[in-house]
Amino acid sequence: MKMSTVETWLGPFTVLVDEDGAVLASGWTGDASVLVPLIHRRLRGAGDPVWRRDLGGVTRAVLDYHEGDLRATQACDVRQHSDGQFLATAWKALREVEPGSPISYAQLADRTGSPTASRAAAQACARNAAALFVPCHRIVRTDGSLGGFRWSIQTKQRLLAHESGAAATRT
C-alpha cells in the first residue's frame, strides 16, 4: 500500500492506494493512520503504507478537483469491500451523483433499488473510506440540511459550494 499527502485549499488531503493504484481510502487529513482503519481488513496489505511524493493520476485528480475540474476523480479506480451487497451498490451509486447536484439519502436509497433504505444509505456514506473519489459529501437530508460528514460539516459545506460554483469557497 502506498500513500501520499497534498496540500489543498481545504487543508492536507491524504490518499492510500493499493499496488495497482486503486484508491483504498482518502480524506482531508495529513495523518494516514486515521485512514488505515477505514480500509476493510481484506484489502489491507501487511505493514505500514509507504509514502510517495506523487501517486501519478490519483494525485493529479485530487489537485485538479480542488482547482475546479469537478469530475477529475471519476476516472480513478476505487476499491472498497463490504460483507453485504447494499454498501457496494450504494458506493457505486454515489460515484454517479453529479457535482453541483446533491441528492438526499432517500434518493440515494432509491438509486440502489431499495427506496425504503434511507438509513442504510446514510450508513453507506458513513462507511465510505474513499472520500472525494466516492463523493458522499453530495448527499444531504431530505430537508436540504447537510447531515454528517467524517471530515466536518464545514468541509462538506465548502465542497458543495465549490461544486455549485459559489464564490469564496476557498476562504
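Sequence positions, counted from 1, serve as the residue numbers for this chain.
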> Only one of Arg41, Arg42, Arg44 passes side chain to side chain donor-acceptor pair (under 3.5 Å) with His81; say which it is.
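So the option named by the test is Arg42.
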
> Any chance the side chains of Asp31 and Ser33 put a donor and an acceptor closer than 3.5 Å?
yes

> Over all heavy atoms of both residues, which pair between Ser4 and Arg52 is shortest? Give the atoms and the distance, please.
OG-O, 3.0 Å

> Return the CZ to CD1 distance between Arg111 and Ile103, rounded to the nearest 0.5 Å.
4.0 Å

> My understanding is that only one of His162, Lys156, Gln157, Glu163 makes a side chain to side chain donor-acceptor pair (under 3.5 Å) with His137; could you say which?
Glu163

> Are Tyr105 and Phe86 grouped together when hydrophobic residues (ILVMFWY) are joined by side-chain heavy atoms under 4.5 angstrom apart?
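Cluster IDs for Tyr105 and Phe86 differ.
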
> Hey, could you give me the CD1/CG distance between Ile139 and Leu94, rounded to the nearest 0.5 Å?
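Here the rounded value is 5.0 Å.
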
> Could you tell me whether Glu67 and Arg60 have a side-chain N and a carboxylate O separated by less than 4.0 Å?
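Result for this pair is yes, salt bridge flagged.
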
> With rounding to the nearest 0.5 angstrom, report the CG to OG1 distance, Leu55 to Thr14.
10.0 Å

> For the pair Phe149 and Thr155, evaluate side-chain contact (heavy atoms from CB on, under 4.5 Å) and give the outcome as yes or no after the intermediate values.
CA-CA 8 Å; Phe149 188 57; Thr155 297; 3.9 Å; yes

> Walk me through it: do Asp77 and Phe133 pass the test side-chain contact (heavy atoms from CB on, under 4.5 Å)?
CA-CA 8 Å; Asp77 290 332; Phe133 297 91; over 6 Å; no

> So that I can tick it off, tell me whether Arg138 and Glu98 are bridged by a salt bridge, with the cut-off set at under 4.0 angstrom between side-chain N and carboxylate O.
no

> Working to the nearest 0.5 angstrom, can you tell me the gap between Tyr65 OH and Leu70 CG?
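Between Tyr65 OH and Leu70 CG, I get 5.5 Å after rounding to 0.5 Å.
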
> Would you compute the distance between atom CG of Asp69 and atom CG of Leu63 and round it to the nearest 0.5 angstrom?
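Reported to 0.5 Å precision, the distance equals 11.5 Å.
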
